[in-house]
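Structure record follows, encoded as structure tokens.
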Amino acid sequence: MTTVAITQTRTTCPYCGVGCGVAITRQDTDVLPVAGDKHHPSNFGRLCVKGSNLHDTLDLDGRLLYPSVNGERVDWDTALDTVANQLRSVIAEHGPGAVAIYAAGQMLTEDYYAVNKLMKGFIGSGNLDTNSRLCMASAVASYKRAFGSDTVPGCYEDLEQADLLIITGSNAAWAHPILFQRMTAAKKANPDLKVIVVDPRRTATCDLADLHLAIRPGSDAFLFNALLGYMDAQNALDTDFINQHTEGSDELLANIRSQWQGIEAAAAQLDVSAEDLTTCLEWFKARPRTVTFYSQGINQSSSGTDKGNAIINLHLATGRIGKPGACPFSITGQPNAMGGREVGGLANQLAAHMDFADADRDRVQRFWNAPNLVQGPGLKAVDLFNAIKAGDIKFVWIISTNPLVSMPDADDVRAALQACDMVVVSDNMGNTDTALLADVLLPAAGWGEKNGTVTNSERRISRQRGFLPSPGEARADWWIISQIGRRLGYESAFDWQHPAEVFDEYARLTGFENNGSRDLDLSGLAGMSQEKYDRMLPVQWPVNAQYPQGRQRFFEDGRFFTPSGKARFINVTPALPVSRSNDGPLIMNTGRVRDHWHTMTRTAKSSKLAQHIREPYLDIHPQDAERFGIQEGQLARVFNSRGDILVRAHITSDQRTGEVFVPMHWTDRYASKGRMGALIDKTNDPISGQPELKFTGVSVEPFKTRWRGMLLSRVDLGAIPCDYWAYGPTETCHGYELAGNQEPEAMLAWAKSAFPNARWLQMRDPMESHERLVAVENNLIQMVLFLHPHEAFETRQWLLERFRAGELTPAERRFLLAGNPADGVEDQGKTVCSCFSVGEKPIREAIKGGCKTAEELSAKLRCGSNCGSCIPELKNLIRLESAN
Ligand SMILES: Nc1nc2c(c(=O)[nH]1)N[C@H]1C(S)=C(S)[C@@H](COP(=O)(O)OP(=O)(O)OC[C@H]3O[C@@H](n4cnc5c(=O)[nH]c(N)nc54)[C@H](O)[C@@H]3O)O[C@H]1N2
Ligand SMILES: Nc1nc2c(c(=O)[nH]1)N[C@H]1C(S)=C(S)[C@@H](COP(=O)(O)OP(=O)(O)OC[C@H]3O[C@@H](n4cnc5c(=O)[nH]c(N)nc54)[C@H](O)[C@@H]3O)O[C@H]1N2
Ligand code: SF4
Ligand SMILES: [Mo]
């Protein structure tokens, strides 16, 4: 008899800042499909499509398994010595300002704490910045200006207790799906709840909206100041709250009164109808339980900090803060953006919500016993890469981020890294665009392997727990960092043996000489044994003597962390983004798609996720498409003086005219030319340093090709030698969409050289540029390459099945070049429901056949009945079909 060992682990999703609990079941060494953790207060058992497919992303393809120096595999000692020696010699010759670390909100708090301590306490440089600069920096800066601290006032339950939700600059349906589902459920339970979505585009999130304000890009502060002006004109401000708990109201109100010119004028500034704006103003006045939920449409702006403060001003002036169902709520993006902000993971923070005031520096210096405590702030991301390019920084260590894709002016980042004496990259993957430029590569343990904590958007700390051994020689980031610390001579400061010890030290620092003076206080979590740390349940900080079980909401008492204890009004004068018309006649907005995560290193491993949207694309309004001669489904070249990308055009009136949208995800690894960061200007917010990533001037033109193609292959073929390709795994093989002006013969010759031992089936129509080629080896299908002047080869399911099915039957061989047996297999079209692989065609058929709601579609086809992430798209298809 054999026994099967079942192991259960509760951990946290590595994707977005909702911070859902995930239940892992292992049967012997196999990881079974993951489930939501029913006990986790973020998600109560639900997972979105990305979370549900996590088990699909655990393979070792592309994983970085061993350290290397200059492309040669070395042992850990050699790699670590190389890094430590270079650090020492650069610091000796040029001072600590000549070294930099660029890290990320996907590190665990323990990793983050360790790297911050190393850099700011021991190396003595402030040049530790992170991808949070591209993400949360404006939100942090505006909270600090208003509250004196980076404090998230509210919690997820506020979304359910509100009677007005203003969702602005957020596509929560795709980017924070479980919160979106909680909001959807709240609206169902309370039909009186009103939802206003503010976004220049019509997004999936608008599915929940009672009112969509498609404002002029960048005009949010005009909207929030208009709300304030209107409330003031209506005598509807909370004067008690203003008088008792705020300062600066006289100047603010004087300024607001000079700006408020009535509804018509405000509507014109926002480019929305006076009627819609009136609705918004009236709902706001009538519904005191208001949550303003905001993300990158606010933060990634040249006035992101002011936009944040315009929102906060409005909440303060109406007393809509510190109460159930009422708060300004900046939603964090990455799984541990919040943890990074806590430990001090930005160049303008010191540590644990302390900055560079003498008292803070002194306190941190004593706590760390730091020999080289940094004097003041270091360089923010954009300036940091500029300094690398200028040669002022000669050593950079990039941890857990892919700046060659995600930074503005990404080709300039490439030039900077090429110019740098030593580039060290710690990553899980060896083939990222950034890793390819590394002198030293350090293999990091990934999700499922490493142990530590993350903090979500509502300040809730949860454990990430490992359930797999690290492959090869991959090691946890905190361990790698501590090894460098020791090699620099700081053995005792970095002698941790386990992340529990790092966490304990961090928790003690937050409580050190705190006595209620700092919001962040985890003293109640200090002193845990490793066992207790392993059993730690999700909890919202602070956790201290006053709040031993954590604190749901801040500011119920009207006390803030400014010297006076009062919140500060910030006098915001709204400003539109600086015109980018020199860069091109259209504005390029960028952001996320439902099923991909950032630079795709994880999500592009899952065929289910990769099939929702197969290619990088351009959303463009019909009028602009006509003006620039772009047709639906055609390739478009989007360009400006900095660079160009090739993407598939999608014509839609969800865009405003003059504005296009491009997803941020595709890299050089996954497409021939999809790295949109190369086009973006370095303009950033003067206060937060956050770049303006949603407002880039571009031109577009059709990119004509002689042929379009489909390539399916049993092996990953890497980059394809043609003008355009986009990679995505399918359930059975590696898939590519192709297009080009190359000679079709050249493509065929290349394909043949890639499979030297194959036997070939070939069909040709050279006059038409119509070519079909199939490689078979040992009677197994190896590769399919179909080229045609314009066909997209959407009907491919039968061919895909052949990669799974084993040896080909003679009958099957006969149909390979046709791509389909004579009786055909109904193809589903574009995937809509990733969980059950339901495509657009059967859904449209079912709608034509009478299904009128998403529930009816779920009952008939199962789509939308698992994670629910596609429900907005189902509703949109119902809307489109009924409009037909
Ligand atoms: N599927 C998926 N989910 C993710 C991520 C992912 O990569 N994939 N990443 C995570 C991370 S790190 C982050 S930071 C979050 C980001 O989450 P979001 O901020 O929700 O996502 P984005 O798509 O970047 O941008 C949100 C919206 O801002 C709008 N916008 C652009 N300009 C303006 C403007 O001037 N005003 C207003 N009001 N809106 C504007 C855009 O049209 C877009 O719809 O998502 C997290 N969740
Ligand atoms: N134009 C435009 N640009 C943007 C944005 C936008 O909306 N528009 N959004 C910005 C925002 S909000 C963000 S957050 C950034 C995100 O951009 P990036 O941070 O550059 O993107 P990721 O793909 O998340 O990069 C994470 C890298 O870390 C690796 N990794 C994952 N886990 C670990 C680990 O545990 N240890 C180590 N050492 N490595 C690990 C992954 O393999 C991957 O290479 O992009 C920003 N850039
Ligand atoms: S909403 Fe989805 S991606 Fe975000 S934490 Fe939850 S399961 Fe993960
Ligand atoms: Mo982010």
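As the structure lists them, so they are numbered: ligands from 1, and atoms in each ligand from 1.
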When only distance counts, is W447 in polar contact with ligand 2, meaning an N/O pair under 3.5 Å? no
Would you check the N or O atoms of T203, main chain and side chain alike, for any that come under 3.5 Å of an N or O of ligand 1? no
Can a non-hydrogen atom of R592 be found less than 4.0 Å from any atom of ligand 2? yes
Would one find an N or O of T590, backbone or side chain, under 3.5 Å from an N or O of ligand 2? yes
Can you tell me which portion of A445 lies within the under-4.0 Å heavy-atom range of ligand 2? Options are side chain, backbone, both, or neither. backbone
Below 3.5 angstrom, do we get any N/O pair linking Q296 and ligand 2? no
Below 30° counts as parallel, above 60° as perpendicular, anything between as tilted: where do the rings of H596 and H665 land? tilted
Is the closest N or O pair between Q334 and ligand 1 shorter than 3.5 Å? no
Please write down residue, atom name and distance for the protein heavy atom closest to atom 26 (C) of ligand 2. S400 O, 3.4 Å
Region of D477 that comes within reach of ligand 2 [heavy atoms, distance under 4.0 Å]: side chain
Under a 3.5 Å distance rule, please check whether R341 uses its side chain to pair with a backbone N or O of A137 as donor and acceptor. no
Assign the ring pair H315 / F284 to parallel, tilted or perpendicular, where the plane angle (0 to 90°) is split at 30° and 60°. perpendicular
With a 4.0 Å cut-off on heavy atoms, is K307 touching ligand 1? yes
Side chain to side chain donor-acceptor pair (under 3.5 Å) with K605: which of N53, T57, D59? D59
What part of D111, side chain from CB on, backbone N/CA/C/O, both or neither, has a heavy atom under 4.0 Å from ligand 2? neither
Have a look at ligand 2 and work out which part of T599, if any, has a heavy atom under 4.0 Å from it: side chain, backbone, both or neither. both
Is a side-chain donor-acceptor pair under 3.5 Å present for T601 with N402? no
Could you check atom 39 (N) of ligand 1 against the protein and tell me its nearest heavy-atom contact, residue, atom and distance included? G169 CA, 3.2 Å
Inspect the contact between D716 and R669 and indicate whether a charged nitrogen and a carboxylate oxygen are less than 4.0 angstrom apart. yes
